[in-house]
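Report on the structure given below.
For this chain, numbers begin at 1 and follow the sequence in order.
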Amino acid sequence: QEVMRTRRPYISGVYVAKAAQRPVVSFAVPVLDEGDTIKGVLVGALSLKAMSQFVSTISQEDQSRVYVVDRKGRLIAHSGGATGGPGQDIAAQPIVQRVLAGQTGTIEFRTPEGNESFLGAYVPITPLGWGVVAAQPVSVAYAAAGALGDGYSGLPWPAQERPCSS
């Protein structure tokens, strides 16, 4: 009905398909003729298994977590490090609230369990109302900078060119 009213594609939030018993999103796309008249609506459902498999390959090496949320803050796909599975409501997390508000940025945050700090980046997928979050433990994220700083301060600088330490 929304597709008929808006004449635009529609993508649902995450739900568990009764027949397949797995998380899916459904879509509806108007089919228009040459005169821009709606002749029908193409409807289908996409399993989120393939998307979760793709997302899980992104962050296997460095303890990163990547997840995609729908417009209501429910998990669509995640890298495996994120808590829960597709369909879980994580809208209360501040990083998710920001991305669903259409913001792009970075934030340091703690997991809902409060046991680990993360540095996260978030980007909205505006046409869908979805968001992507990529996060890495703070200890890992800042380790490279710390190692570089340690190496930098240990260089044999001439006295007049030695960087100031604050």
Donor-acceptor pair between Gln136 and Tyr142 side chains, under 3.5 angstrom: no

When you compare the side chains of Ser79 and Arg65, does any donor N or O come within less than 3.5 Å of an acceptor on the partner? no

If Ile, Leu, Val, Met, Phe, Trp and Tyr residues are connected whenever their side-chain heavy atoms lie under 4.5 Å apart, and connections chain through other members, are Val14 and Ile125 in the same group? yes

Ile107 and Arg98 have their tightest heavy-atom pair at CD1-CZ, 3.5 Å

Quick one: does Val133's side chain get under 4.5 Å of Val69's, heavy atoms only? no

Nearest atoms (heavy-atom pairs only) where Lys72 meets Leu100: C-CD1, 4.1 Å

Taking Ile38 as the starting point, is it possible to reach Ile11 by hopping between hydrophobic residues whose side chains are less than 4.5 Å apart? no

Side chains of Val3 and Val29, heavy atoms from C-beta outward: is any pair under 4.5 Å? no

Would a distance-only check, ignoring hydrogens and angles, find a side-chain to backbone donor-acceptor pair under 3.5 Å from Thr37 to Asp33? no

If you define the side chain from C-beta out and look only at heavy atoms, does anything of Pro137 sit under 4.5 Å from Glu116? yes

Heavy-atom nearest pair, Ala91 first then Val96, reads CA-CG1, 3.9 Å

To the nearest 0.5 Å, what is the distance between CD (Gln93) and CZ (Phe109)? 6.5 Å

Are more than 12 heavy atoms, taken from residues, nucleotides or ligands other than Arg7, located less than 6.0 Å from that residue's CZ atom? yes

Out of Leu48, Leu128, Leu46, which one pairs with Ile76 under the side chain to side chain contact (heavy atoms under 4.5 Å, CB included) rule? Leu48

Do the side chains of Val25 and Leu42 join up, straight or via other hydrophobic residues, at under 4.5 Å, putting them in one cluster? yes

same_hphob_cluster(Tyr15, Leu75) at 4.5 Å side-chain heavy-atom cutoff: no

Can a donor-acceptor pair be found, under 3.5 Å and without considering hydrogens, that links the side chain of Thr106 to the backbone of Ala121? no

Student check: side-chain heavy atoms of Glu108 and Phe118 closer than 4.5 Å: no

Nearest heavy-atom approach of Gln97 to Ala92 is NE2-O, 3.3 Å

In the single-linkage hydrophobic clustering (I, L, V, M, F, W, Y; side-chain heavy atoms under 4.5 Å), do Phe27 and Val24 co-cluster? no

Measure the shortest side-chain to side-chain distance between Tyr67 and Ile90 over non-hydrogen atoms and say whether it is less than 4.5 angstrom. yes

Do you know the tightest heavy-atom contact between Gly102 and Pro124? O-CG, 3.6 Å

